[in-house]
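Before any comments, here is the structure.
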Amino acid sequence: MPKFLGECDTITALAGGVGAAKLLDGLSSIVQPDKLTIIVNTGDDCEFYGLHISPDLDIIAYTLAGLVDEEKGWGIKDDTFNCLEMLRVYGHDTWFKLGDRDLATHIHRTVMLRSGYKLSEVTRDICAKLGLRQKIIPMSDDYFATKIRTDKDTIHFQEYLVKRCSSDVVREIIYEGAENAKPAPGVIESIIDAEIVIVCPSNPLVSIGTILAVNGVRQALKETKAKKVAVSPIIGGTVVKGPADKMMRSLGIEVSASSVAKLYSDFLDIFVMDEADAPLVKEVERLGIKAVVTDTLMKAKEDKIRLARFILGVASTFRKA
Ligand code: FO1
């Protein structure tokens with residue numbers, strides 16, 4: 001039985017996939033589920049075999065439901081790939097590894113979307129059926145696709161990440177649909193009404209950057225009275241997982257924790273960095289952000305809970321100027 005914190009603040013988290021899921025796993029162990037709202041990136045959403053795939057929504061939901069394949073950080077543990085193997089026989093592209101049980105989620109989502117439900121409604125249904133009580137909201141119900149311009153073409157983010165193993169030089173990140181993407185119901189309200197907003201250790205360009213690109217989100221983060229805490233996904237100049245470092249380097253952004261802080265400096269109060277980045281504290285504080293250091297590597301469940309406790313502890317003692 002998890003032990004929740006006694007007096008708990010209302011928390012809203014901005015999340016991408018694997019890195020965010022680890023921290024949210026820790027947070028969920030110490031925060032009552034009805035106090036936690038998670039706004040999730042949908043720029044990675046893609047379509048395969050006519051099915052709508054929402055990788056980050058699924059990574060978060062599967063993780064909190066205890067279903068995730070912990071080794072990979074995505075997909076369902078002990079899943080089989082019989083359907084994909086048969087699709088390969090029929091000549092389909094099978095580079096995006098969709099497991100048999102995972103496919104049920106995508107079929108269910110697609111059936112509901114085709115019947116007229118919004119992605120936020122479908123997500124609520126999936127979470128309820130998986131027994132989750134935290135509120136998980138897609139950043140937008142509208143079309144939004146993260147595209148990558150390379151030296152030779154423009155491709156969907158999943159093609160860049162999975163099919164081409166992040167091997168291309170990134171010339172530009174295109175947030176396709178951002179101009180028309182409205183925040184899903186509850187996104188702005190949960191940021192405004194929160195006591196603490198946590199920006200998870202996700203890719204600042206293609207996970208958090210997409211959420212910030214949705215109309216009104218950045219403004220809500222500036223306006224909210226919540227204490228806003230971000231955790232750096234960059235440790236000592238590299239990432240734990242994913243292509244954030246390669247992407248930043250390609251785009252001429254220095255690969256450092258302080259570069260991430262800079263991207264959030266118009267709304268952020270507190271920046272949590274790894275002990276390895278202690279020499280950057282002054283540089284971050286020059287941005288007008290309180291910088292704190294701790295061990296941010298999350299290998300075991302205890303690490304996730306310890307980091308979650310640290311974040312809530314720092315936020316509780318922070319006083320806005
Ligand atoms: N990531 C991979 O590296 N290879 C895959 O084949 C793959 C399949 C996949 C299927 C469902 C799903 O929900 C996620 C999946 N991911 C896969 C993860 C995903 O591409 C990314 O990690 C996220 O989009 C980034 O957060």
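Each ligand, and each atom within it, is numbered from 1 in the order the structure gives.
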(request) May I ask you to decide if the ring planes of Tyr175 and Phe144 are parallel, tilted or perpendicular, using 30° and 60° as cut-offs? (result) tilted
(message) Looking at Arg306, I'd like to know if its CZ atom is crowded, meaning that more than 12 non-hydrogen atoms belonging to other residues, nucleotides or ligands lie closer than 6.0 Å.
(response) yes
(message) Strictly below 4.0 Å, N to O, side chains only: are Lys299 and Asp303 in salt-bridge contact?
(response) no
(request) May I ask you to check whether Thr150 and Asp153 show a side-chain donor-acceptor distance below 3.5 Å? (result) yes
(request) Taking only heavy atoms of the protein into account, state which residues are under 4.0 angstrom from an atom of ligand 1, in chain and number order. (result) Gly17, Asp44, Pro55, Asp56, Trp74, Trp95, Phe96, Lys97, Leu98, Asp102, Gln158, Leu161, Val162
(request) Kindly write out the residues that satisfy ring-ring contact (aromatic ring centres under 6.0 Å, His included) with Phe310, not counting sequence neighbours, or none if the list is empty. (result) none
(request) Evaluate the criterion side chain to side chain contact (heavy atoms under 4.5 Å, CB included) for residue pair Phe81 and Leu98; output intermediate values, then yes/no. (result) CA-CA 7 Å; Phe81 291 84; Leu98 296 167; 5.9 Å; no
